[in-house]
Amino acid sequence: MDYVLLATHGPEICPTSNATTRELMNEMGPQIPKVAEQAGVKILAGPYVSREHTTVVIVQAGTGEALDQFLVESRLPQWNSVRVLPVLTMQAAMQEINDQPAIY
């Protein structure tokens, strides 16, 4: 299944202003692809960061446990609130819509 991960943090813990978080990012950032691979997660897009203190990553994981392992080992939840949004491709969503009876 595909997931969109939205990770947000406040300015006080942002790596641009917090030395401890910056050190963690410098350590973990380059390892993210390997951490994902070891957890059985494929990064489809990102990580993308914004000046809104938000990181967006689109991943594919076979199980919720694999996704959780990736999050824990990436240490992203240590300094972010992470929303996990299961998503469908537009084609899959259209098929699902057409397979269900309309309610109105």
Side-chain angles (χ1 to χ4, degrees):
M1 174 156 240
D2 295 348
Y3 300 89
V4 174
L5 308 178
L6 300 173
T8 59
H9 58 270
E12 69 283 349
I13 198 158
C14 184
T16 63
S17 61
N18 185 297
T20 301
T21 310
R22 181 181 299 181
E23 186 177 317
L24 177 60
M25 278 296 300
N26 284 330
E27 174 191 343
M28 292 306 301
Q31 296 181 44
I32 294 298
K34 183 179 177 183
V35 168
E37 182 181 340
Q38 289 175 336
V41 171
K42 181 178 179 183
I43 297 176
L44 302 177
Y48 298 110
V49 297
S50 75
R51 305 228 186 276
E52 296 290 323
H53 303 287
T54 301
T55 301
V56 178
V57 187
I58 303 172
V59 300
Q60 188 173 72
T63 66
E65 290 83 359
L67 180 57
D68 186 61
Q69 178 184 344
F70 167 67
L71 288 172
V72 169
E73 292 180 7
S74 72
R75 301 179 66 186
L76 200 58
Q78 287 187 318
W79 59 282
N80 288 275
S81 293
V82 182
R83 289 186 60 201
V84 177
L85 305 173
V87 295
L88 300 172
T89 63
M90 182 59 78
Q91 182 179 6
M94 294 300 296
Q95 183 64 50
E96 189 175 280
I97 288 168
N98 290 316
D99 287 346
Q100 296 179 20
I103 58 173
Y104 300 105

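Worth saying up front: this structure is predicted, and the values here are computed from it rather than measured.
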Which pair of non-hydrogen atoms, one from [X] and one from [Y], has the smallest distance, and what is that distance?
| X | Y | result |
| --- | --- | --- |
| S74 | L71 | OG-O, 2.9 Å |
| S17 | P11 | OG-O, 2.5 Å |
| I43 | P33 | CD1-CA, 4.4 Å |
| A7 | V82 | CB-CG2, 4.1 Å |

[atom1]/[X] to [atom2]/[Y] distance, rounded to the nearest 0.5 angstrom?
| X | Y | atom1 | atom2 | answer |
| --- | --- | --- | --- | --- |
| N80 | L6 | CG | CG | 10.5 Å |
| T20 | Q78 | OG1 | CD | 11.5 Å |
| W79 | T55 | CH2 | OG1 | 5.5 Å |
| I13 | T8 | CD1 | OG1 | 11.5 Å |
| L88 | M1 | CG | CE | 5.0 Å |
| L44 | Y3 | CG | OH | 12.0 Å |

*Start with the C-alpha gap between V41 and Q69, add the side-chain angles, then the distance that decides, and say whether side-chain contact (heavy atoms from CB on, under 4.5 Å) holds.*
CA-CA 9 Å; V41 171; Q69 178 184 344; over 6 Å; no
*Give every residue pair that meets the side-chain hydrogen bond (donor to acceptor under 3.5 Å, both in side chains) criterion with at least one member in residues 91-104, sequence neighbours excluded.*
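Of all non-adjacent pairs touching residues 91-104, those that pass side-chain hydrogen bond (donor to acceptor under 3.5 Å, both in side chains) are Q95-D99.
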*State yes or no: do V49 and V35 share one hydrophobic cluster built from I, L, V, M, F, W and Y residues joined by side-chain heavy-atom distances below 4.5 Å, directly or via other members?*
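Cluster IDs for V49 and V35 differ.
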*Determine, using the 4.5 Å side-chain heavy-atom cutoff (strictly less than), whether V56 and L67 are members of one ILVMFWY cluster.*
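Per the 4.5 Å side-chain linkage, V56 and L67 are not co-clustered.
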_Going by ring-ring contact (aromatic ring centres under 6.0 Å, His included), name the residues that satisfy it together with H53, two or more places apart in sequence or in a different chain._
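Per chain and number, H53 pairs via ring-ring contact (aromatic ring centres under 6.0 Å, His included) with H9.
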*V57 versus I32: any side-chain heavy-atom pair under 4.5 Å?*
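They are not in side-chain contact.
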*Determine whether L76 and L5 make a side-chain contact, defined as any pair of heavy atoms from C-beta on separated by less than 4.5 Å.*
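No. Closest side-chain heavy atoms not under 4.5 Å.
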*Hey, what else clusters with I97 if you join Ile, Leu, Val, Met, Phe, Trp, Tyr whenever side-chain heavy atoms sit under 4.5 Å?*
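Via sub-4.5 Å side-chain contacts, I97 links to M90, M94.
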*asked:* Quick check against the 3.5 Å criterion: does T54 have a side-chain atom that pairs as donor or acceptor with the backbone of S50?
replied: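 No.
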_Any side-chain donor near an acceptor of the partner, Q31 and E27, under 3.5 Å_ =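 No donor-acceptor contact under 3.5 Å links the two side chains.
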_R22, CZ: over 12 other non-hydrogen atoms inside 6.0 angstrom_ =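 Yes.
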